Chemist: 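Input: one structure, supplied below.
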Amino acid sequence: MADSSTSTDPTEPGDATEPAGSSGSSGRVGRARADRPVYVIGGGPGGLAAAYALRAQGVRAVVLEKSDRVGASWRKHYDRLHLHTTRRLSGLPGLPMPRRFGRWVSRDNVVRYLEKYAEYHELEVVTGVEVSRVEPAADGSGWLLHATGGRELTGSAVVVATGYNHTPHLPDWPGRDAYTGELLHAGEYRNAAPFAGRDVLVVGVGNTGAEIAVDLVEGGASRVRLAVRTAPHIVRRSTAGWAAQFSAIAVRHLPVALVDRLAKPMARLSVPDLSAQGLPRPDTGLYSRVNAGSIPVQDVGLIDAVRKGHVEIVAAVEGFEDGTVVLADGDRIEPEAVVAATGYRRALEDLVGHLDVLDERGKPVVHGARTPAGAPGLYFQGYTNPISGMFRELALDAQKIAKAVARRGGVERQPART
């Protein structure tokens with residue numbers, strides 16, 4: 001599917017490109033100039049939402065996307081993926097998702113929606129441009145972006161929206177490089193067809209690992225094992241028509257300890273005890289775990305698969321040795337393929353790490369309408385993983401960012417389109 005959004009050269013007049021060789025990395029950001037646009041780095045849902053919200057405030061926003069189409073990361077997800085949040089609460093600002101997409105929107109329909117979103121709002125999207133570094137402009141007015149082909153673009157403000165799941169993380173397990181079996185990251189997994197009739201180990205019991213394990217069972221793998229280091233909280237995606245997202249929104253601003261207490265009896269009522277199958281109930285509270293960065297697993301078949309023995313729970317992977325997978329409990333197994341659902345890194349260090357805007361885990365120290373101390377005009381969109389729904393929070397943060405940019409002023413204006 002071709003990208004139907006507006007594509008222009010980001011170095012056209014009005015973008016105030018700095019001459020080659022200008023640096024400015026040691027300068028501080030002062031008042032932005034009003035002849036420069038806001039650059040949005042990333043053409044995924046977060047970046048597109050921010051661009052529209054800025055446009056609605058009358059601010060010129062230029063989206064820089066490194067791939068050839070918007071929604072690049074969504075195009076790479078496994079085939080059976082659906083949003084775990086409802087369609088009605090997953091639309092971005094200014095365009096609801098169509099009713100025909102159903103309650104739980106598929107990956108392909110998310111991609112269609114993002115394409116339509118960019119087209120419908122006539123967003124200014126430039127594809128094939130990757131930004132490698134952001135630093136203060138030499139004259140102290142705005143930000144200098146180093147991009148593909150030696151481009152140096154100067155913007156009045158920058159919204160970084162390169163994605164929560166940016167770079168696949170594959171643990172450096174001992175013996176990994178010498179392992180001769182098939183080993184792939186979940187980001188490379190598309191469907192179960194290549195694994196039909198095979199013995200497969202899935203490593204990691206987040207939402208991705210849980211869903212891939214179920215997909216493998218349904219796709220005909222001869223044996224499916226799921227390596228678990230820490231037992232997850234599992235919640236039903238919907239109970240009697242009540243989506244888990246509704247509860248997540250309702251409790252999001254309650255005290256953590258209170259939510260932990262409320263969640264425990266609800267889990268006992270809705271989720272069976274799987275201790276005998278190797279998945280005991282977690283010994284830490286649900287919301288405490290969320291604050292530590294661990295989102296509950298939305299059940300899309302894992303509970304039944306584990307209860308029936310179709311997915312076998314095994315200990316965490318410690319390494320590889322002599323063609324076997326070594327588990328934390330000392331067992332050694334010999335699957336034919338290993339799918340590592342071991343997460344992603346945000347990979348922001350090269351882009352903005354020199355600006356002292358990331359914490360020790362590489363996560364932006366602020367997000368949404370707030371900007372880091374010493375970096376006014378630098379915004380981060382989409383680097384949290386809230387239980388209330390990623391798309392919903394992206395939509396809310398996009399509008400907060402746009403209002404903050406408009407209040408700050410010193411930006412290139414264009415007629416607002418609502």
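Model, not experiment: these values are computed from the prediction.
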Chemist: For the backbone of Asn109 and the side chain of Ser106, can you confirm whether one donor and one acceptor N or O come within less than 3.5 Å of each other?
Modeler: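 Yes, Ser106 side chain to Asn109 backbone: donor-acceptor pair under 3.5 Å.
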Chemist: Are any side-chain N or O atoms of Arg55 and backbone N or O atoms of His121, one a donor and one an acceptor, separated by less than 3.5 Å?
Modeler: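 Yes; judged by distance alone, with no hydrogens or angles, the pair exists.
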Chemist: What residue among Trp74, Tyr117, Tyr164, Tyr113 forms ring-ring contact (aromatic ring centres under 6.0 Å, His included) with Phe391?
Modeler: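 Exactly one pass, corresponding to Trp74.
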Chemist: Check whether any side-chain heavy atom of Trp104 sits under 4.5 Å from a side-chain heavy atom of Arg237, and report yes or no.
Modeler: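 Yes. Closest side-chain heavy atoms under 4.5 Å.
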Chemist: What do the steps show when you test Glu135 against His146 for side-chain hydrogen bond (donor to acceptor under 3.5 Å, both in side chains), and what is the final call?
Modeler: CA-CA 8 Å; Glu135 59 189 24; His146 297 270; 3.0 Å; yes
Chemist: A side-chain contact here means heavy atoms from C-beta on lying under 4.5 Å apart; do Lys66 and Val129 qualify?
Modeler: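 No, every pair of side-chain atoms sits at 4.5 Å or beyond.
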Chemist: Quick check for you: to the nearest 0.5 Å, what is the distance between Ser238 atom OG and Gln245 atom CD?
Modeler: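 Ser238 atom OG to Gln245 atom CD measures 11.0 Å (nearest 0.5 Å).
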Chemist: Compare every heavy atom of Ala210 with every heavy atom of Val297, then report the nearest pair and how far apart it is.
Modeler: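 Smallest interatomic distance, heavy atoms only, reads CG1-CB, 3.8 Å.
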Chemist: Hey, is the main chain of Val70 close enough, under 3.5 Å, to the side chain of Glu115 for a donor-acceptor pair?
Modeler: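 It does not hold such a pair.
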Chemist: Taking atom CZ as the centre, does Arg370 end up with more than 12 heavy-atom neighbours from other residues, nucleotides or ligands that are less than 6.0 angstrom away?
Modeler: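 12 or below, so no.
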Chemist: Specify the closest pair of heavy atoms between Ala186 and Val339, including all atoms of both residues, with the distance to one decimal.
Modeler: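 So the two residues come closest at CA-CG1, 4.0 Å.
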Chemist: Distance-only, no hydrogens or angles: does the His169 side chain make a donor-acceptor pair with backbone N or O of Ala341 under 3.5 Å?
Modeler: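 Side chain of His169 to backbone of Ala341, a donor-acceptor pair under 3.5 Å: no, none is there.
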Chemist: Report the C-alpha distance between Glu336 and Arg223 in whole Å, list the side-chain angles of each, state the deciding distance to 0.1 Å, and finish with yes or no for salt bridge (Lys or Arg N to Asp or Glu O under 4.0 Å).
Modeler: CA-CA 10 Å; Glu336 296 172 74; Arg223 186 176 189 179; over 6 Å; no
Chemist: May I ask you to check whether Arg60 and Ser156 show a side-chain donor-acceptor distance below 3.5 Å?
Modeler: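 No donor-acceptor contact under 3.5 Å links the two side chains.
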Chemist: For Asp397 and Tyr379, test the side chains for any donor-to-acceptor distance below 3.5 angstrom and give the result as yes or no.
Modeler: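 Result is no, nothing qualifies.
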Chemist: Can you see which heavy atom on Pro372 is nearest to which on Val366, and at what distance?
Modeler: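 Taking every non-hydrogen atom into account, N-CG2, 3.5 Å.
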Chemist: Is it the case that the side chain of Thr148 and the backbone of Glu130 share a donor-acceptor pair, with hydrogens and angles ignored and the cut-off at 3.5 Å?
Modeler: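 Looks like yes, one N/O pair under 3.5 Å.
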Chemist: Can you check whether Thr284's main-chain N or O pairs, donor with acceptor, with Ser288's side chain at less than 3.5 Å?
Modeler: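 Pair absent, no side-chain N/O of Ser288 close to backbone of Thr284.
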Chemist: Please answer whether the main-chain N or O of Ala244 pairs with a side-chain N or O of Arg236 as donor and acceptor at a distance below 3.5 Å.
Modeler: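 No, Arg236 side chain to Ala244 backbone: no donor-acceptor pair under 3.5 Å.
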Chemist: For Arg281, I'd like to know if atom CZ has over 12 heavy atoms of other residues, nucleotides or ligands within 6.0 Å.
Modeler: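 Yes, enclosed.
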Chemist: Can you confirm whether Glu211 sits close enough to Asn207 that some side-chain heavy atom of one is under 4.5 Å from a side-chain heavy atom of the other?
Modeler: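 Glu211 vs Asn207: side chains apart.
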Chemist: Using side-chain heavy atoms (C-beta onward) and a distance below 4.5 Å, is Val314 in contact with Asp329?
Modeler: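 Val314 does not reach Asp329 side chain to side chain.
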Chemist: Passes side-chain contact (heavy atoms from CB on, under 4.5 Å), Arg332 versus Val325? Steps please.
Modeler: CA-CA 5 Å; Arg332 293 169 180 255; Val325 180; over 6 Å; no
Chemist: Is the ring pair Trp173/Phe320 parallel, tilted or perpendicular, if the boundaries are 30 and 60 degrees?
Modeler: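 The arrangement is perpendicular - the two ring planes meet at more than 60°.
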Chemist: Can you name the closest pair of heavy atoms from Val63 and Gly43 and give their distance?
Modeler: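 Nearest heavy atoms, Val63 then Gly43: CG1-CA, 3.8 Å.
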Chemist: Does any donor atom in the side chain of Asp273 or Ser275 lie under 3.5 Å from an acceptor atom in the other side chain?
Modeler: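 Yes, Ser275 and Asp273 have a side-chain donor paired with an acceptor closer than 3.5 Å.
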Chemist: Supply the atom-to-atom distance His82 NE2 to Asp108 CG, rounded to the nearest 0.5 angstrom.
Modeler: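 Output value for this atom pair is 9.0 Å.
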Chemist: Tell me the closest heavy-atom pair linking Leu54 and Ala61, and the distance in Å.
Modeler: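 Looking at all heavy atoms of both residues, the shortest contact is CD1-CB, 3.8 Å.
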Chemist: For the residue pair Val235 and Val271, establish whether any side-chain heavy-atom pair is separated by less than 4.5 Å.
Modeler: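 They are not in side-chain contact.
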Chemist: Could you walk me through whether Leu144 and Leu153 pass the side-chain contact (heavy atoms from CB on, under 4.5 Å) test, one step at a time?
Modeler: CA-CA 6 Å; Leu144 177 67; Leu153 314 172; over 6 Å; no
Chemist: More than 12 heavy atoms of other residues, nucleotides or ligands under 6.0 Å from CG of Asp350: is that the case?
Modeler: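 Count not over threshold, so no.
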Chemist: Is Arg103 close to Arg87 at the side-chain level, that is, under 4.5 Å between some pair of heavy atoms?
Modeler: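 Side chain of Arg87 against side chain of Arg103, heavy atoms only: no contact under 4.5 Å found.
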Chemist: Locate the shortest heavy-atom distance separating Leu170 from Thr342; write the atom from each residue and the value.
Modeler: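 Nearest heavy atoms, Leu170 then Thr342: CA-OG1, 4.0 Å.
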Chemist: Test side-chain contact (heavy atoms from CB on, under 4.5 Å) on Leu95 and Tyr52; report intermediate values, then the result.
Modeler: CA-CA 10 Å; Leu95 186 68; Tyr52 162 73; over 6 Å; no
Chemist: How many angstroms lie between CZ in Arg392 and CG in Leu89, if you round to the nearest 0.5 Å?
Modeler: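 That separation rounds to 6.5 Å.
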Chemist: Scan for salt bridge (charged side-chain N to carboxylate O under 4.0 Å, His left out) pairs involving residues 282-296, sequence neighbours excluded, and state none if there are none.
Modeler: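 Of all non-adjacent pairs touching residues 282-296, none passes salt bridge (charged side-chain N to carboxylate O under 4.0 Å, His left out).
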Chemist: With a 3.5 Å distance limit and no angle check, can you tell me whether Glu65 reaches the backbone of Ser67 through a side-chain donor-acceptor pair?
Modeler: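 Checked: pair present.
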Chemist: Can you tell whether the side chains of Glu152 and Arg133 come within less than 4.0 Å, N to carboxylate O?
Modeler: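 Arg133 and Glu152: not salt-bridged.
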Chemist: Within the 4.5 Å heavy-atom criterion, are Leu201 and Val224 side-chain neighbours or not?
Modeler: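 No. Closest side-chain heavy atoms not under 4.5 Å.
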Chemist: Assess the side chains of Asp199 and Ser222: does a donor N or O sit below 3.5 Å from an acceptor N or O?
Modeler: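 Their side chains do not contain a donor-acceptor pair, so the 3.5 Å distance test is not met.
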Chemist: Determine whether the side chains of His354 and Glu349 contain a donor N or O and an acceptor N or O closer than 3.5 Å.
Modeler: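 Checked: His354/Glu349 side chains show no N/O donor-acceptor pair below 3.5 Å.
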Chemist: Sub-3.5 Å donor-acceptor pair from the side chain of Arg345 to the main-chain atoms of Gly362, do we have one?
Modeler: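 No; zero donor-acceptor contacts below 3.5 Å.
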Chemist: Could you tell me the separation between the CD1 atom of Ile387 and the CD1 atom of Ile249, rounded to the nearest 0.5 Å?
Modeler: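 It is 9.5 Å, given to the nearest 0.5 Å.
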Chemist: Is it the case that atom CZ in Arg252 sees more than 12 heavy atoms from other parts of the structure closer than 6.0 Å?
Modeler: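 Correct, the count exceeds 12.
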Chemist: So do Ser141 and Arg36 actually touch side chain to side chain, heavy atoms under 4.5 Å?
Modeler: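 Yes, side chains in contact.
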Chemist: When you compare the side chains of Thr384 and Glu393, does any donor N or O come within less than 3.5 Å of an acceptor on the partner?
Modeler: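 No.
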Chemist: Would you tell me whether Trp143 and Thr154 have side-chain atoms, one donor and one acceptor, within less than 3.5 Å of each other?
Modeler: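 Looking only at side-chain atoms, Thr154 and Trp143 do not form any donor-acceptor pair under 3.5 Å.
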Chemist: Before giving the answer on side-chain contact (heavy atoms from CB on, under 4.5 Å), spell out for Val134 and Tyr39 the whole-Å C-alpha distance, their side-chain angles and the decisive distance to 0.1 Å.
Modeler: CA-CA 11 Å; Val134 176; Tyr39 282 111; over 6 Å; no
Chemist: Short question: side chain of Asp260, backbone of Tyr287 - any donor-acceptor pair under 3.5 Å?
Modeler: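 Indeed, once roles are kept as given, a pair shorter than 3.5 Å links the two residues.
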Chemist: Can you tell me if Asp304 has over 12 outside heavy atoms packed within less than 6.0 Å of its CG?
Modeler: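 Counting other residues, nucleotides and ligands, CG of Asp304 exceeds 12 neighbours.
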Chemist: Tyr78 ring centre to Arg107 NZ or CZ under 6.0 Å, with the angle to the axis within 45°?
Modeler: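 Arg107 over Tyr78 ring: no.
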Chemist: Establish, from distance only, whether the side-chain atoms of Thr85 and Ser90 form a donor-acceptor pair under 3.5 Å.
Modeler: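 Distance-only check passes for Thr85 and Ser90.
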Chemist: What is the distance from atom CG of Asn165 to atom NZ of Lys76, rounded to the nearest 0.5 Å?
Modeler: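 The CG atom of Asn165 sits 12.0 Å away from the NZ atom of Lys76.
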Chemist: Let me confirm one number: the CD-NZ distance from Gln399 to Lys403, rounded to the nearest 0.5 Å.
Modeler: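 Here the interatomic distance stands at 6.0 Å.
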